[in-house]
Structures are given as C-alpha cells and as structure tokens.
Amino acid sequence: MHPGDLSFIFLNAFIINNFVLAYFLGLCPFLGVSGKLDTAWNMGLATTFVMFVSSVCAYGINLLLVKYDLVFLRLICYIAVIASAVQLVEMMVKKFSPTLFRALGIFLPLITTNCAILGLALFQTFKEYSFLQSIVYSIGAGAGFTLALMLMAGLRTRMDLADVPAISRGAALSFMLAGMLSLTFMGFAGLGGH
Amino acid sequence: MTYQPRKQKPITPDTFLRGIWRENPVFVMLLGLCPTLAVTNSTINAIGMGLATTFVLLGSSLLVSLLRNLIPKQVRIASYIVIIATFVTIVDYAIHALSLELYNALGAFIQLIVANCVILGRAESYASKNRITKSLVNALGMGVGFTFALLCLGSVREILGSGTLLGFPLFGDSFQPWVVMILPPGGFFVTGAWLLLFSWLQERRQRKAAKEEEAIHAPG
C-alpha cells in the first residue's frame, strides 16, 4: 500500500498509530469517561463527529492562512475554530435531535479541551493531506479513539471485580491496563508495510 | 462588571510549594497527561517541555491576572484560550530558532501545550481571582511541579530504555536496554509505577496520622 492511499490513511489512524495508545492524545477523556461501556460509546461518537467537523474547518482555514501568508496565526485560529465548532455542534444537536443531546450530556463541551482534536488538525496540516485524505484521516482517528475507549471501558468493568491491592485501585491500575493495551497495539506496527 | 475589592490572603511559601508536592499537577491532580507521556522518552525532552510549559504558565497567568477585571464573564474561557495560544506560538517560534534538534524531537507537542489542562485550570481557578504577584508565584510553583513530574518520568524512561542519563552512558557495554521503556507502552507503565509510589506514600501518611490519633485517645 502507498502511504497516500485512503485505505492506508484510515488504517494508520485507526489502529497502527492509534491516537490514544501511540500518540497519547486525548488521555483525559480516555481515563475519565471509560468507566462504563455506554458512556464510552457516546463519548467516542461525539468526539468522532467533532473531529470530522474541525478537520474540514481546519483544512479551509489553512488554505486561507497560506494564501495570505499568515501561518503564524495557525494555532490561534485552529483553537478558536475548534471551540466554536463544538459550540455549534452542541446547538445543532440540541435543535435537531434532543435524544442524542441528552445521551451526550456534558461530554460535548468537554471535547474542547481534548487534545486529540487539535492534534488531528495539526497533524493533517503537517502531513499536507488533501481534502479527501483529511476527511478519511479524521474518521479513522475518531474510530480509533472510540475503539480504545471501549476496550478500556470493558477492561475496567472487569477489573472492578478483581482482587487488587488497595493502593493500585483507580488511576495506577488504569495506567497499567493502558500500557498493556498499547503493547498489544504495537503488534499492528507492521501492518500495511513501510 | 464592577470591581469589588476583596480581602486577599498574603503570599505564603505554601502558595509556591503546594504546586510542587501536595497539588502536583501530574501525580496528584492527573492533569496535562498527554504531553507528560508523549515527550518523556528522554531527560532532555522532558526538561525542554517542562520549561516551555512553565513559560506559558507564567505568561498567561500574568496577562489573565492583569485583565481579570476587564474580561466579561461570558467569554472568559475563549479569552483565556486566545491568551494561552499566543504564548504557545511565541514558545514554538523561540524553540524553532534556538534548537532545531529539540524542535524536531518535541514536534507537534509544543503546539499542543495549548490543550494542556494545567494551564487553563490555573487561569480559570487561580489567576482570574488573585493579584498579579500571587498568581505568578503560584504559576511558578505549578510549572516547577510539572517539570519535576516530567523529570521523574523522563529520567526513569531514559535510564531503563537507553541506559543513559542526559546522553551519558551509565552502565557498561553488557547492559541490554529495555527498549519498551522508550516506546509508548513504557510511558504508561512508568506513570503507573510513579502513581503507585505516590498513593503508597499517601496511605502511609494517613496510617501514621490515624495511629497518632489513637495514641492520643488511648488511656494512660
């Protein structure tokens, strides 16, 4: 497979270089809302959606900034756009689908501080992806985030019943689990060739 | 918004010190984990990242504290983010100019300082409510605490993962490096181990306090 292929970009963001387990992006929600499977699923969906929207916006903004030679404003523009995209998405979801809005609850505003979103916008700029490639990259990254979140939620539900020493309950145990997950995902490193 | 003078508590050593140990942003509050794990595969990177974050913390605390009576409440978060992003852009260009090697090693994570919740947390919960000097002292404490945490992780990962410290070899030729330590899983394992140590220390302190209390209440 060629590195520019759409299928390669998707697989790369989805499992080979998983945003959470290989780049350490979006760790706060990864540890914070992976307590239950259904909340993990909702959070993953919301994040994927915002990733898609901000990826499209970031692509357009980068075109403008490069055209007018204002590249040093990139970071400020991206973060402002992501914050407003989250706000916009929140209003739209509230208007068109109150059920989904209730299901997502507080997770929507929390996404603004998720570094996976900003990371995605920056990476797609550095890698100089085309419009289509950016969209595929954002969907792959979102799917990878959801996958990692759900795996973690499943593991933690099991771990609640396990007999572990009291001092390792909570964050320390979650980190050890995440390490093992990350080790497993490294097995995908050869996928797709180099 | 009208300005209401409030009684401020004076600056104590605790304003500075609590960021380092009792409220350590990484080990106690679990904030700012993304850069912590991503760049600590060597000690030099950890120091660079720590200094950059401290600078952004200081700068944004200064500005937020200066403007705390001018920023309307409704748009405060957006204003803080723009202030932080400005300082991060400065740091990004400065590192690019000073050390290309460090710039390449840290990569996009310099720009991702914007999304570091330690900084936004300080701006929202401390700098927007306190005088300039006090916010600066607190921000410096938090910055030092963050750098300390990065150093803890970075040195362990570098010693085990490449057998060196700050680039100097520590062991003989027979040392087989634990490559996994400088790869992503190592970051999770080392952080988990440090958290174990911290919760063990905390538990020991609590047990000690409980024992002392018992001794006081015990008859005789």
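A note on names: the letters A, B, ... follow the listed sequences, proteins ahead of strands, and every chain is numbered from 1.
Proximity to chain A is absent for every atom of B:V190, based on heavy atoms less than 4.5 angstrom apart. For A:L31, the part lying near chain B is the side chain, with the backbone staying farther off; criterion is any non-hydrogen pair under 4.5 Å. In this structure, the portion of B:Y93 lying under 4.5 Å from any heavy atom of chain A is its side chain and not its backbone. In this structure, the portions of A:A178 lying under 4.5 Å from any heavy atom of chain B include both its backbone and its side chain. With a 4.5 angstrom heavy-atom cutoff, B:A38 touches chain A via backbone and side-chain atoms both. Only the side chain of B:E203 comes within contact range of chain A, with heavy atoms under 4.5 Å apart. Neither the backbone nor the side chain of A:A83 comes within contact range of chain B, judged by heavy atoms closer than 4.5 Å. Looking at B:L183, only its side chain comes within 4.5 Å of chain A, counting heavy atoms on both sides. Heavy atoms closer than 4.5 Å to chain A are found in both the backbone and the side chain of B:T86. Both the backbone and the side chain of A:M180 come within less than 4.5 Å of a heavy atom in chain B.
The aromatic rings of A:F30 and B:F188 sit tilted, their planes meeting at an angle between 30° and 60°. Relative orientation of the B:F55 and B:F87 rings is perpendicular, given thresholds of 30° and 60° on the angle between their planes.
The most heavy-atom pairs under 4.5 Å with chain A, out of B:A85, B:C34, B:G192, come from B:C34.
Across all non-hydrogen atoms, the minimal contact from B:A115 to A:C115 is CB-CB, 3.5 Å. The minimum heavy-atom distance linking B:S60 with B:L57 is given by the pair OG-O, 3.3 Å. Nearest heavy atoms, A:S55 versus A:S138: CB-CB, 3.5 Å. Contact between A:Y78 and A:I61 at its shortest, heavy atoms only, is CE1-CG2, 4.1 Å. The minimum heavy-atom distance linking A:F185 with A:N18 is given by the pair CE2-ND2, 3.8 Å. Scanning both residues, B:T89 and A:L75, for their nearest heavy atoms gives OG1-CD2, 3.9 Å.
Aromatic ring centroids of A:Y59 and A:F131 lie under 6.0 Å apart.
By the ring-ring contact (aromatic ring centres under 6.0 Å, His included) test, B:F189 pairs with no residue at all, sequence neighbours left out.
Contacts from residues 116-127 of chain A to chain B, taken as heavy-atom pairs separated by less than 4.5 Å, involve A:L118, A:G119, A:L122, A:F123, A:F126 in sequence order.
Summarising the local packing, CZ of B:F27 is surrounded by more than 12 heavy atoms from other residues, nucleotides or ligands at distances under 6.0 Å.
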